[in-house]
Every structure is written in C-alpha cells, then in structure tokens.
Amino acid sequence: MTGISKTQKKGKSLPPKLIIGLGKFVWTTLWQIMMSKLAPRNQSGEYIRPSSQFRNSVRTGEDSPYQPAAGRYNLYVGLGCPWAHRTLVVRALKGLEDTISVSIVIPSPDSGGWVFNTPEEGRQTLAELYALAEAGYSGRSTVPVLWDKETKTIVNNESADIIVMLNSEFNEFAKNPTLNLYPEELKQKIDWWNEKIYANVNNGVYRCGFAQTQEAYDKACDELFTTLDEIEVALANSRYLCGDQVTLADARLFTTLFRFDIVYYGLFKCNRRRIQDYKNLGAYLRDLYQLEGVASTCDLESIKRDYYGNLFPLNPGGIIPSGPDMAYLLKPSDV
C-alpha cells in the first residue's frame with residue numbers, strides 16, 4: 001500500500017491555480033496576437049477600422065472611365081458581411097438584379113480571407129482578385145467590391161460609395177428608376193444620421209466586440225446604446241429615419257439591426273437590450289425587412305456561420321448557436 005501511495009503522489013497533476021494561471025497567460029498572449037491581426041487597435045485598446053483603398057466612381061461624362069452600363073459590373077459580396085449587405089439591399093430596392101451581377105465569397109477559417117467556391121477571373125481568392133486589379137497590392141482584401149468586367153479592375157470597395165452609385169447612376173436600367181434613396185432635399189439629414197450611426201452603431205458593434213480593454217468596451221457600449229435609444233425616440237413620430245420615405249440612411253442601419261439579435265447581442269457583448277425589445281426600432285426593422293426584395297438579401301445561416309464559425313478569437317470552439325428565432329420579422333410592423 002505504501003508503494004502505491006508514493007506512486008500516486010508522484011503522478012499528481014499540477015495545482016489547479018498553476019494550471020489556470022498558465023492557461024490564462026498562454027491564451028491571453030495568443031488572443032492579443034490574433035486580435036492585433038483581426039482588429040487594429042489604438043493605445044486605449046479601441047478598434048480602429050482601416051479606410052477603404054479603391055474609391056473610383058461609375059458616372060456619365062466623357063472623362064469617366066467607368067460608364068454606367070448593364071452587364072458590365074459585378075458585385076463581390078460576403079453574405080455575412082453587413083457592409084456588403086448594404087449593396088444587396090440597395091440593388092434590390094432599385095431593381096438592378098438584371099443590371100449588376102453578384103458573386104458570393106465565403107470566409108476561410110484557415111487563411112482568414114475570402115475565397116471563391118469556383119474561380120473568378122481565374123483566381124481562387126479575393127486577395128488574388130485584388131492583386132489582379134493592382135499589382136503588388138498589400139492592403140486588406142474586403143467586401144463589397146464593385147468590379148469592372150471590362151477593364152478587369154476594382155472600381156470601388158467602399159460600401160458607402162457603392163450604394164450612392166447604385167441609387168443614381170443606373171436608373172436607365174433599373175426596374176425602379178424613380179425611387180430616389182438620396183434626394184437632394186434630404187441629403188443633409190441623411191448625412192447627419194449616417195455619420196452618427198456609422199460611428200456608434202454600424203462600427204459601434206465592432207468597437208464593442210473587438211475592444212481589447214474594459215475601458216474601450218464600456219465607452220463603445222455606452223455610445224452604441226445611447227444612439228439606439230436616440231433612434232428609438234426619433235422613430236416614435238417617423239416611419240423612417242428621415243420621414244416617410246426610405247433612404248440610404250435606412251439601408252445602412254438595416255444591415256446592422258438585422259444582425260444585432262443574431263450575433264452582436266451575444267458574440268459582440270452588445271447585450272443590454274435586443275432590437276426586438278425596442279418598440280419602435282423593432283417595428284422599424286420589421287418594416288424594412290418586409291420591403292419588396294429585402295428579405296431575399298438576408299441569409300440568417302450564413303451570418304451565423306461567418307461570425308461564430310470564423311471569428312476564432314471571439315469563439316474559439318467554433319460552435320454555432322441554433323437560434324435565435326427570427327419569425328417575428330414577419331409580423332406586421334405596427335404590432
């Protein structure tokens with residue numbers, strides 16, 4: 001018995017405190033390295049979104065190399081990406097499905113970039129497509145991309161620019177040419193909402209999820225919900241952000257709101273309230289979702305897969321939740 005006792009003592013595991021401390025040190029170090037690649041930060045630990053690099057425009061005029069045309073341009077989008085989703089929403093609202101084609105890219109959990117199911121322009125990845133557009137390109141390869149099939153190059157990769165072009169430059173080919181999502185008389189108000197919502201909501205949810213210090217998270221979360229509360233109040237007397245007419249400001253907000261209860265509430269720690277818990281915001285989201293063509297641009301399963309399955313630093317196990325139930329979006333918006 002004595003011999004067995006000694007053997008057992010020799011085989012004892014490390015003290016739990018030491019194991020936990022070592023595990024925390026290793027994981028925190030690896031997490032910081034991975035987050036630095038995924039989400040650039042400032043000294044305060046706040047997420048800083050890099051700027052888009054391709055900012056040309058499709059427009060008429062003799063000096064424009066990118067003239068409006070049916071079949072000339074292609075959108076590269078990821079179905080999980082809210083920025084790319086904006087372009088699909090505006091494309092649907094304007095009725096440009098037959099004018100501008102769409103190619104879907106999917107995130108690679110191994111390489112961390114976007115890849116094609118089948119080769120595009122002889123390339124397997126979006127990074128290779130960027131390199132085709134600009135030799136030696138070393139920046140981020142993001143979606144959406146407005147691609148010119150004629151010159152084999154990227155016209156623009158900034159969603160805010162692309163939706164303005166989709167709204168105004170393809171009207172001769174659009175099924176809904178009279179729909180103006182950026183009317184002159186509302187531009188100042190639209191721009192005011194866009195600036196506020198981009199900083200605190202569209203990018204605000206990422207500032208919460210990608211924050212690398214408690215202070216950075218608290219600041220982003222406070223600003224996010226302060227702005228959502230402000231929008232809730234504004235919508236008490238207005239169907240849309242700028243009145244009774246849907247605008248680009250609504251399209252830009254919609255794609256974040258649609259993802260909020262699905263991923264941002266849990267994965268990004270934006271869990272003070274769900275959008276469906278807001279009386280006016282919840283109804284507003286349902287209203288936008290039920291506009292003709294919009295629901296077809298929303299892919300719940302792709303959103304969950306892309307966020308939960310590919311943001312390894314935020315969800316190391318890669319487990320994708322079964323919910324939430326989004327059937328409430330089909331209820332009348334005035335309920």
Side-chain angles (χ1 to χ4, degrees), residues 17-53 78 80-85 107-114 126-127 138-143 157-160 195-229 252-253 255-257 259-275 303-321:
K17 184 176 180 180
L18 182 59
I19 294 175
I20 293 171
L22 179 61
K24 281 185 174 180
F25 173 76
V26 172
W27 170 243
T28 300
T29 302
L30 289 174
W31 178 80
Q32 289 173 340
I33 293 172
M34 288 185 290
M35 286 297 291
S36 68
K37 301 296 183 181
L38 173 67
R41 50 164 285 181
N42 62 17
Q43 292 184 340
S44 299
E46 296 178 303
Y47 170 57
I48 304 298
R49 182 175 294 277
S51 300
S52 301
Q53 301 299 308
C81 174
W83 316 98
H85 190 185
S108 169
D110 299 320
S111 66
W114 297 99
L126 190 64
S138 59
R140 298 165 70 243
S141 301
T142 59
V143 289
N157 70 337
E158 171 52 59
S159 65
E195 183 176 353
K196 176 185 286 289
I197 289 170
Y198 168 77
N200 299 333
V201 181
N202 298 143
N203 199 44
V205 293
Y206 284 87
R207 290 170 55 220
C208 290
F210 291 168
Q212 296 180 49
T213 65
Q214 187 67 48
E215 288 181 329
Y217 165 77
D218 289 341
K219 180 175 183 290
C221 196
D222 286 344
E223 292 173 351
L224 167 64
F225 283 95
T226 295
T227 303
L228 289 178
D229 291 344
R252 288 169 58 131
L253 178 57
T255 58
T256 298
L257 296 186
R259 285 159 176 75
F260 200 97
D261 294 359
I262 302 170
V263 290
Y264 302 142
Y265 180 86
L267 187 64
F268 280 18
K269 307 180 185 71
C270 303
N271 59 355
R272 290 187 187 176
R273 283 180 297 280
R274 300 175 304 174
I275 297 303
I303 289 169
K304 292 197 296 184
R305 179 199 66 215
D306 289 0
Y307 280 92
Y308 284 99
N310 293 285
L311 292 181
F312 177 80
L314 302 185
N315 188 34
I319 296 172
I320 300 174

**Q.** Trace of the side-chain contact (heavy atoms from CB on, under 4.5 Å) decision for Trp114 with Ser141
**A.** CA-CA 8 Å; Trp114 297 99; Ser141 301; 5.8 Å; no
Q: Mind checking the CD1-NE2 spacing from Ile303 to His85? Nearest 0.5 Å is all I need.
A: 6.5 Å
Q: Measure the OH-CD1 distance between Tyr308 and Ile320 for me, rounded to the nearest 0.5 Å.
A: 10.0 Å
Q | Non-hydrogen atoms of Leu314 and Gly209 that approach each other most closely | A | CD2-O, 3.5 Å
Q: Please confirm whether the backbone N or O of Arg305 pairs with a side-chain atom of Asn310, one donor and one acceptor, at under 3.5 Å?
A: yes
Q: Mind checking the OG-CH2 spacing from Ser159 to Trp83? Nearest 0.5 Å is all I need.
A: 6.5 Å
(Q) Taking Glu223 first and then Lys219, would you say they form a salt bridge - that is, a charged N and a carboxylate O separated by under 4.0 Å? (A) yes
Q: Report yes or no: does Asp261 contribute a side-chain atom to a donor-acceptor pair with the main-chain N or O of Ile275 at less than 3.5 Å?
A: yes
Q: Check whether any side-chain N or O of Asp306 sits under 3.5 Å from a backbone N or O of Gly78 as a donor-acceptor pair, and report yes or no.
A: no
Q: Return the minimal non-hydrogen interatomic distance between Cys270 and Leu224, and the atom names on each side.
A: SG-CD2, 3.7 Å
Q) To the nearest 0.5 Å, how far apart are CG in Asn200 and CD in Glu195? A) 10.0 Å
Q: Show your working on side-chain contact (heavy atoms from CB on, under 4.5 Å) between Phe268 and Val263 and close with a plain yes or no.
A: CA-CA 7 Å; Phe268 280 18; Val263 290; over 6 Å; no
Q. Distance from Thr142 atom OG1 to Glu158 atom CD, nearest 0.5 Å?
A. 8.5 Å
Q: Look up atom CZ in Phe210 and atom CG in Asn203, then write down how far apart they are to the nearest 0.5 Å.
A: 9.5 Å
**Q.** Trace of the side-chain contact (heavy atoms from CB on, under 4.5 Å) decision for Lys304 with Ile262
**A.** CA-CA 7 Å; Lys304 292 197 296 184; Ile262 302 170; 3.5 Å; yes
Q. What heavy-atom pair brings Asn157 and Gln53 nearest, and what distance separates the two atoms?
A. OD1-N, 3.4 Å
(Q) Under the criterion side-chain contact (heavy atoms from CB on, under 4.5 Å), I'd like the reasoning laid out for Tyr264 against Asn271: C-alpha separation, chi angles, the key distance, then a yes or no. (A) CA-CA 8 Å; Tyr264 302 142; Asn271 59 355; over 6 Å; no
Q. Within the distance-only criterion (no hydrogens, no angle test), does the side chain of Arg207 pair as donor or acceptor with the backbone N or O of Val201 below 3.5 angstrom?
A. no
(Q) So does Cys208 get a backbone contact from the side chain of Lys269, meaning a donor-acceptor N/O pair under 3.5 Å? (A) no
Q: Classify the angle between the aromatic ring planes of Tyr206 and Tyr307 as parallel (below 30°), tilted (30 to 60°) or perpendicular (above 60°).
A: tilted
(Q) List the residues meeting side chain to side chain donor-acceptor pair (under 3.5 Å) with Asp222, not counting sequence neighbours, and say none if there are none. (A) Arg272
Q. Any salt bridge between Asp229 and Arg273, counting N to O under 4.0 Å?
A. yes
